[in-house]
Number of protein chains: 2
Amino acid sequence: MSTISTLGYALLSLLARGELSGYDIARQMKAPIGYFWHASHSQIYPELARLERDGYVGHQVVEQHDRPDKKVYSLTDAGREALRTWVTSPLDVPSVRDELVLRAFSLWLGDRREAAALFREHERRHEAQLEEYQAIEAHIKGQSARLPSIDSPEFAAYATLQRGMGYERECAAWCRWVAEQLEGGPV
Amino acid sequence: MSTISTLGYALLSLLARGELSGYDIARQMKAPIGYFWHASHSQIYPELARLERDGYVGHQVVEQHDRPDKKVYSLTDAGREALRTWVTSPLDVPSVRDELVLRAFSLWLGDRREAAALFREHERRHEAQLEEYQAIEAHIKGQSARLPSIDSPEFAAYATLQRGMGYERECAAWCRWVAEQLEGGPV
DNA sequence: TCCCTCATGTAAAAGGTTACATGATTTA
DNA sequence: TAAATCATGTAACCTTTTACATGAGGGA
């Protein structure tokens, strides 16, 4: 049944929660999962075709009168099984690529004020993203006092949200610390 | 003078601290900068050739008797200037790709115990990496009571180290939280 | 009338990983 | 004798980004 790329699993992950068209998937790739695995439609459409060819998904054409017809994809049993075993299979820690950290490594060469402005701006952006996540969390907590069951897709989404909040909080804190050093240091 | 890729700037960042051969750079790409921008020798050698063609670096052949001769690269004025302006130029927040978070999104499908084991293992790895960073920090702090000057390459390296520690701490904490949820939840 | 949303694709280019290729010296 | 280190490269492949391409319907 040939191997599936990580992108392929990302698509299966979304389809495991319900039927979606390629266009729907492209939209879902913005939040919350897209913050940890982004893909654009030019990657999604060919990957769906590949998954279908290999028997992991199937599709039905849904005719629409006021808008273009669409292909609605759903998981096959093989697709669901592949996804299930992938979740707990061995995984190496990923190699991170963050250009801002790379720039920090050459901070001593750049203009002090410009550098401070850059880090302050990134601090702001990470804080804005954090607030977005916190609003989603508030919405979830508003619906029920306790966390969703561990076996539910809702808990899984909540877990990725927690990671998102932790990530943004840490990025913002680091940017702030760097900016403070740049602003407070000797002239 | 044509554009430089992020990888190119990564190489310039290292050369700004001193002359290095391609082989040296490949080794440096393991720590501390490599944790935020990795590259293997098959990328490094062609990129150095490109940077030289475009006038950002130059090289001298150093003959050695007991080991192979090497090409030692150094920055040109143009290379140093390009690096300097790059540090503070506008930058979009990067899109993150983390397969473990992607897997968490499908946690509800997988075996509970296997999932807990996976997250415990990643917790351990991130903690091990954190300890490695802390050892480097201890070494730096052992040399001098106060932080290195903001204008120094040492401060810049210290700043990336801080980011590394924050990153690993946050990853480990999240993995631990997920594992605890999986282990403590109802059967 | 112009732009946005819905909807699906292809193609070219850039970036990154893995494998191929060579060869001397040192260490276990 | 086998493996690791030093040293430099190329080639094939996979992934990702950006641009090209089309077309209907709705709202400002």
Side-chain angles (χ1 to χ4, degrees), chain A residues 2-11 19-30 34-54 57 59-73 91-99 102, chain B residues 2-11 14 19-30 33-54 57 59-73 91-99 102:
Chain A
S2 91
T3 55
I4 303 175
S5 66
T6 308
L7 171 66
Y9 286 113
L11 305 189
E19 300 185 331
L20 292 167
S21 68
Y23 190 85
D24 292 332
I25 291 178
R27 265 187 314 176
Q28 295 273 117
M29 274 295 167
K30 277 162 194 168
Y35 291 117
F36 287 99
W37 206 278
H38 180 262
S40 59
H41 77 276
S42 63
Q43 258 189 304
I44 292 166
Y45 290 119
E47 185 63 32
L48 282 170
R50 220 169 295 137
L51 291 170
E52 182 160 45
R53 186 201 60 194
D54 296 341
V57 303
H59 86 266
Q60 265 185 286
V61 175
V62 173
E63 284 174 39
Q64 297 180 121
H65 34 279
D66 57 338
R67 40 182 82 175
D69 296 350
K70 60 179 175 181
K71 294 183 182 177
V72 174
Y73 287 86
L91 175 67
D92 279 331
V93 285
S95 72
V96 185
R97 279 200 164 85
D98 189 325
E99 191 174 327
L102 188 61
Chain B
S2 92
T3 55
I4 303 175
S5 66
T6 308
L7 170 66
Y9 286 113
L11 305 191
L14 285 167
E19 301 186 330
L20 292 168
S21 68
Y23 190 85
D24 291 332
I25 292 177
R27 264 187 317 179
Q28 295 274 116
M29 274 294 167
K30 277 161 193 166
I33 196 184
Y35 292 118
F36 287 99
W37 206 279
H38 179 261
S40 58
H41 76 276
S42 62
Q43 260 189 302
I44 292 165
Y45 291 118
E47 186 62 34
L48 282 171
R50 219 170 295 135
L51 290 170
E52 181 159 46
R53 185 201 63 196
D54 296 343
V57 302
H59 85 266
Q60 265 185 285
V61 175
V62 174
E63 283 174 41
Q64 299 180 119
H65 33 279
D66 57 338
R67 38 181 84 178
D69 295 352
K70 59 180 177 179
K71 295 184 183 177
V72 174
Y73 287 86
L91 175 67
D92 279 332
V93 284
S95 73
V96 186
R97 281 202 162 85
D98 189 324
E99 190 173 326
L102 187 62

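In what follows, chains carry the letters A, B, and so on, assigned in the order in which the sequence lines appear, proteins first and then strands, with residues in each chain numbered from 1.
The Ser42(A) side chain lies nearest to dA19(D) when the options are dT16(D), dA19(D), dA7(D). Nearest to the side-chain atoms of Ser40(B) among the listed nucleotides dG16(C), dA19(D), dT18(C) stands dT18(C). Distance from the side chain of Tyr23(A) is smallest for dC6(C) among the nucleotides dT18(C), dC6(C), dT18(D).
Atom NZ of Lys70(B) is separated from atom CD of Glu63(B) by 13.0 Å, given to the nearest 0.5 angstrom. Taking OH of Tyr73(B) as the start and CD of Gln60(B) as the end, the distance is 12.0 Å to the nearest 0.5 Å. Tyr45(A) contributes atom OH, which lies 11.5 Å from atom CG of Leu11(A) (distance to the nearest 0.5 angstrom).
Minimum heavy-atom separation, Gln64(A) to Asp69(A): N-OD1, 2.9 Å. For the pair Trp37(A) and Ala10(A), the tightest heavy-atom approach, listed with the atom from each and the gap, is CD1-CB, 4.2 Å. Closest heavy-atom contact between Ala39(A) and Leu7(A): CB-CD1, 3.6 Å.
Atom OH of Tyr9(B) and atom C1' of dG15(C) are 16 Å apart (whole Å). In this entry the distance linking CE of Met29(A) with P of dT16(D) reads 10 Å, nearest Å. Going from atom CZ of Phe36(A) over to atom C1' of dT16(D) covers 19 Å, rounded to whole Å. Rounded to a whole Å, the OH atom of Tyr45(A) is 19 Å from the C1' atom of dT15(D). Put simply, CD1 on Ile25(A) is 13 Å from C1' on dA7(C), counting in whole angstrom units. Rounded to whole angstrom, the span from the CG atom of Leu20(A) across to the P atom of dA7(C) amounts to 12 Å. Rounded to whole Å, atom C1' of dT5(C) lies 11 Å from atom NZ of Lys30(A). In this structure, the CD1 atom of Ile44(B) is 14 Å from the P atom of dA7(D), given to the nearest Å.
Between Ser21(B) and Ser95(B), it is Ser21(B) whose nearest contact on DNA chain D lies nearer the 5' terminus.
Between Arg97(A) and dT15(D), a side-chain N or O to OP1/OP2 separation shorter than 4.0 Å is absent. In this model, the phosphate group of dT17(C) is approached by a side-chain N or O of Gln43(B) to a distance below 4.0 Å at OP1 or OP2. Between dC6(C) and Arg27(A), a contact under 4.0 Å exists linking OP1 or OP2 to a side-chain N or O.
Within residues 63-73 of chain B, the residues approached by DNA chain D to less than 4.0 Å at the level of any non-hydrogen atom are Gln64(B), Arg67(B), Pro68(B), Asp69(B), Lys70(B), Lys71(B), in residue-number order.
Without hydrogens or angle criteria, Glu52(A) side chain to His59(A) main chain gives a donor-acceptor distance under 3.5 Å.
Judged by distance alone with a 3.5 Å cut-off, no donor-acceptor contact links the side chain of Thr6(A) to the base of dT15(D). The base of dG9(D) sits within donor-acceptor range of the side chain of His41(B), with an N or O pair under 3.5 Å.
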